[in-house]
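Input: a single structure, listed below in structure tokens.
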Amino acid sequence: MKKFFSNIWTKRVISLLSGLYAFMACWLCYCSIFYSIEISSRISLCMLVTGISIFAVVVMLYTRKQIITRIASVVILPAMLPVVLLYFGEWGIIIPIIAAGVTILLLSGAGEGFKTAFGTIFLLLYIFGALGYFLFTSFFVTTSKTDVIASGISPSQRYRYKVVNTEDSSDGSTAVIIEPNYADKHFPFVTFSLKNMDRTVYLERPITETADVQWITQSRSEITQYLNSISDTISVHLSESSLKKLGYTYDNKLALTGITAEQKIQIGHKPSDIEKIYLDTLTDEQLAIFSLARSSDGRYYIPNPPAKLYTDSKLDSGKTAYLSDITPAWREEYYTEKDDSVYLNTLTDEQLAMLGVPESGDVMIFNGKICFRYYIADLENYFDVDDRSISISLLS
């Protein structure tokens, strides 16, 4: 048995567990950035994490001279910094992993110079990281007194809601907030909920103490018929993939923006016209007024672009400067914008189904007013649960 555990290949294989533990710390770092945490049993979770950490320390000490373990010893502590800051107070998770990281760094097979250098770097990283986060939350994150007066889950279990009263200097407000109930990660003793998924669907001033919430189920066709009866100019904003499903190309949805009354007259419109003017409706001569042109395949480009446009848009010099390839700022320079809206009355029931709108779903009524329809939420992708873009709001 002693010969088995002293074998170099045994140590190399077992060192993979060190890498797995480091991966767990990195995964927890990822969750702390994009997910809020809710612990159902702190004692049970603390015992579980402590047990795993003790086992990991034993494994890493046994394999401390292996390259995977040495890499793991360097990864764990910086990976835990966001966890310490964003899950501050959840010591049952934080302390065992931090203790394991410090232990293996100090007792690893690396030289004293290496441990001193990296220990100093990690210490400074935590000090300045904590200081920066404290300053951010103190000066840039606004705080207000809020009170949740009602909460619950929709009949389909797809959405959850809360009614929040906020006190401020303007007599306060009452907001109805909806978020998806299907984007959580459930584990024993802990649940991770995706951040920035809540959407305010109703806001009323001043504060109301009445919170009469009702949910009903309506069909897709019923909602379409009702909305079209209100107005034939209701538009919905679709994603790029949804527009492609409907047959629109990028260039089909390019429209003029911010043009003057004189320019409107030049292309045959009244100065008072407020309707969007799509490039597809313009002739080549009219496009030339805005220094634009149309290629034989229907794409729009800039005939004589400045050199800075190529630099800013990271295009090869001399390449055709199509509007789809340049930056939004440069598109504005040429009075164009990408329009993602489509009139609801132009969509058939089959197209709505193709865009992912279920045949029926939840509709919320708050104090006698409809404030949320599953139909619009799905069409306009209220809850993009696949989005993982970094934003300042994730730090609040």
Side-chain angles (χ1 to χ4, degrees), residues 152-163 175-184 193-204 213-255 257 274-278 280 324 328 337-366 368-389 391 393:
I153 300 176
S154 69
S156 68
Q157 306 292 306
R158 186 168 175 80
Y159 308 103
R160 56 175 177 259
Y161 74 91
K162 58 184 176 181
V163 182
V176 179
I177 300 172
I178 304 283
E179 59 183 332
N181 197 42
Y182 51 85
D184 298 344
S193 299
L194 199 58
K195 295 179 183 178
N196 288 353
M197 283 294 107
D198 54 333
R199 187 180 183 100
T200 301
V201 296
Y202 182 81
L203 184 65
E204 178 180 323
V213 177
Q214 300 177 36
W215 287 93
I216 60 175
T217 300
Q218 284 190 328
S219 68
R220 183 175 60 223
S221 57
E222 286 177 328
I223 297 175
T224 302
Q225 185 177 5
Y226 172 75
L227 293 177
N228 284 334
S229 70
I230 296 175
S231 172
D232 58 0
T233 59
I234 295 176
S235 60
V236 290
H237 298 274
L238 305 179
S239 64
E240 186 71 26
S241 60
S242 294
L243 290 172
K244 286 182 179 179
K245 288 180 181 178
L246 295 176
Y248 292 103
T249 66
Y250 184 94
D251 294 87
N252 289 153
K253 300 298 290 180
L254 287 171
T257 180
I274 59 173
E275 294 293 323
K276 288 188 176 179
I277 304 172
Y278 291 95
D280 278 355
S324 58
E337 66 176 356
K338 177 70 164 50
D339 177 36
D340 61 359
S341 64
V342 174
Y343 284 126
L344 182 61
N345 63 0
T346 65
L347 300 176
T348 65
D349 195 61
E350 291 74 18
Q351 287 176 320
L352 291 170
M354 180 181 63
L355 293 176
V357 180
E359 189 172 348
S360 62
D362 298 316
V363 175
M364 182 182 183
I365 303 173
F366 177 71
K369 301 176 183 178
I370 293 179
C371 63
F372 175 80
R373 293 181 174 91
Y374 84 97
Y375 179 106
I376 302 298
D378 288 345
L379 257 185
E380 298 199 349
N381 199 18
Y382 276 10
F383 310 113
D384 187 2
V385 297
D386 296 322
D387 178 46
R388 295 295 184 275
S389 55
S391 64
S393 59

Using a 3.5 Å distance criterion without hydrogens, assess whether the side chain of Y161 forms a donor-acceptor pair with backbone atoms of M364. no
E179 side chain to M197 backbone, donor-acceptor under 3.5 Å: no
Over 60° means perpendicular and under 30° means parallel, so classify the ring planes of F372 and Y382, tilted if in between. tilted
Quick one: CD1 on I178 to OH on Y374, what's the gap to the nearest 0.5 Å? 15.0 Å
Just by modelled atom types, is the Q157 backbone N or O under 3.5 Å from a matching donor or acceptor in the N181 side chain? yes
Test salt bridge (Lys or Arg N to Asp or Glu O under 4.0 Å) applied to D349 - qualifying residues, sequence neighbours left out: R220
Enter the distance from C371:SG to E204:CD here, rounded to the nearest 0.5 Å. 11.0 Å
Any donor-acceptor pair under 3.5 Å linking the side chain of D198 with the backbone of I177? no
Is the backbone of S341 close enough, under 3.5 Å, to the side chain of K253 for a donor and an acceptor to pair up by distance? yes
Around atom NZ of K276, are there more than 12 heavy atoms from other residues, nucleotides or ligands closer than 6.0 Å? yes
So, applying side chain to side chain contact (heavy atoms under 4.5 Å, CB included) with L344, which one of D232, L379, T233 is it? L379
Whether the side chain of S154 engages the backbone of Y159 through a donor-acceptor N/O pair (distance < 3.5 Å, no angle test) should be reported. yes
E240: which residues meet the salt bridge (Lys or Arg N to Asp or Glu O under 4.0 Å) condition with it, sequence neighbours left out? K338
Just wondering, more than 12 heavy atoms not from K244 lying within 6.0 Å of its NZ? no
Output yes when R158 and D362 qualify as a salt bridge under the 4.0 Å nitrogen-oxygen rule, no when they do not. no
Pairwise distance NZ(K245) to CG(L238) - rounded to 0.5 angstrom: 10.5 Å
Report, as yes or no, whether the 6.0 Å neighbourhood of atom OH on Y182 holds more than 12 heavy atoms from other residues, nucleotides or ligands. yes
Go through the structure and list residues passing side-chain contact (heavy atoms from CB on, under 4.5 Å) with Q225, not counting sequence neighbours. none
